[in-house]
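Notes for the one structure printed next.
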Amino acid sequence: MIENYTLTSYAPAMRYTNGQLENQSRIILDNKQLISFVESISQMVLILNSHRQVVYSNNSYRSFVKQLNHDPILGKRPGETFNCANAFKSASGCGTSDACKTCGAVNAILDSQKGKRSTKQCQILTTSNDALDLEVTATPFVLEDTHFTIFSINDISAENRRKSLERVFIHDILNSAGAISGLSSIISEMEDINEIRDLAKTIEDASRSLIEEIQAQRELGAAERGELQPQITEIDSAPVLIELQKAYAKHELNFGKPIAIGNNSKNCSVATDRVQLKRIMGNMIKNAIEINVPGDLITLHCNPTENAVEFSVHNKSYIPQHVQNQLFKRFYSTKGKGRGLGTYSMKLLGEKYLNGKVGFTSTKENGTTFYIQLPK
């Protein structure tokens, strides 16, 4: 008997019953040579049935998912054992939501079911806003006339983060430092005191931006390691929005795009970390600045809801659906390889450390709004 959940936007939803799973697991366990092989390697390895369910996992994998309170994992799909947020968007589970269409893991498995070995990269944002960057390989094989997939997993999170730091962060830091050095070198040649003051102010602003970028990266690293200590104080929203408006109206990325505070925005009091809130809102504003929309206007809001205070940033752009499905994943970006830490850090800082809810809405008619809701 096969259980059939019909709700699916991508991969098939059917699953085997417990009795069938136990029979398939026994086929694997009886093959001592296969078990000896998958237990001899350091990589995490799963053996999946034709409905993408786990029928065997090696010790490396079991040790990892035990930290996520998944014991046993027989019958689950890979994303469900990893606590992938997208695996719970559909009642049918891992691989069946619209967001799963771009998942490297499920696509590698589907390739293997067509008879070919497939290696892909997979980015997972978990239900607790932790990020995993994985390289997965799915290999088909048949045992006792039953089709299986050997699914191996290699955690490349550290490697990807190193590459991102080299490609983007260090590159940006060097650019900023180079600009400061260049501006500083011409001060001695200037005679007009007003010009010197203007240049000194430009250098001061550039230095402050450089320090803020270094601090942001340091705090993001601490947040990923679970070491960030938020500084919670009672703040008023109006001064925060005014500071953000002034800062990003003159930001180096902004070439004249207007930033306004919405007419219906309210001044609300909320207990939160002011620095992290401004960092999250700043990333929302930078995203809006970098999108090229004719006649665009970026609008900042703060409004109370029944149980929360909502800060938001709106602009006239529309995010295509395939991009919406990938937002908040670490290193995912439409701006080029190695980017994508901005939206990821919004989610990580806003939900894991400020106990809020970070999200967005985007339609062709109404544009895009990113928001963070903080508990009252």
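For reference, positions follow the sequence shown, starting with 1.
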Do Ile372 and Lys357 come close enough that some side-chain heavy atom pair is under 4.5 Å? no
So, Arg77 side chain and His51 main chain: donor-acceptor pair closer than 3.5 Å or not? yes
Is a side-chain donor or acceptor of Ser25 paired with a backbone partner of Val55 at a separation under 3.5 angstrom? yes
From the list Thr102, Asp98, Thr96, Asn107, side chain to side chain donor-acceptor pair (under 3.5 Å) with Tyr10 holds only for Asn107
Which pairs pass salt bridge (charged side-chain N to carboxylate O under 4.0 Å, His left out) with one or both residues in residues 117-130, sequence neighbours excluded? Asp111-Lys120, Asp130-Lys352
Non-neighbouring partners of Asp273 that pass salt bridge (charged side-chain N to carboxylate O under 4.0 Å, His left out), sequence neighbours left out: none
Do Ser9 and Cys100 have side-chain heavy atoms sitting under 4.5 Å apart? no
Between Thr149 and Phe151 (side chain of the first, backbone of the second, donor and acceptor by atom type, cut-off under 3.5 Å), is there such a pair? no
Among all residues two or more places apart in sequence or in another chain, which pass the salt bridge (charged side-chain N to carboxylate O under 4.0 Å, His left out) test with Asp296? Lys257
Under 3.5 Å, is there a donor-acceptor pair between the side chain of His322 and the main chain of Lys101? no
So if I apply the side-chain contact (heavy atoms from CB on, under 4.5 Å) rule between Leu34 and each of Ile27, Ile150, Leu29, which one comes out positive? Ile150
For Val142, is there any backbone N or O sitting under 3.5 Å from a side-chain donor or acceptor partner on Thr146? no
For Lys266, does its backbone N or O pair with a side-chain atom of Ser237 as donor and acceptor, under 3.5 Å? yes
Is Gln53 reaching over with its side chain to a backbone N or O of Leu48, donor-acceptor style, under 3.5 angstrom? no
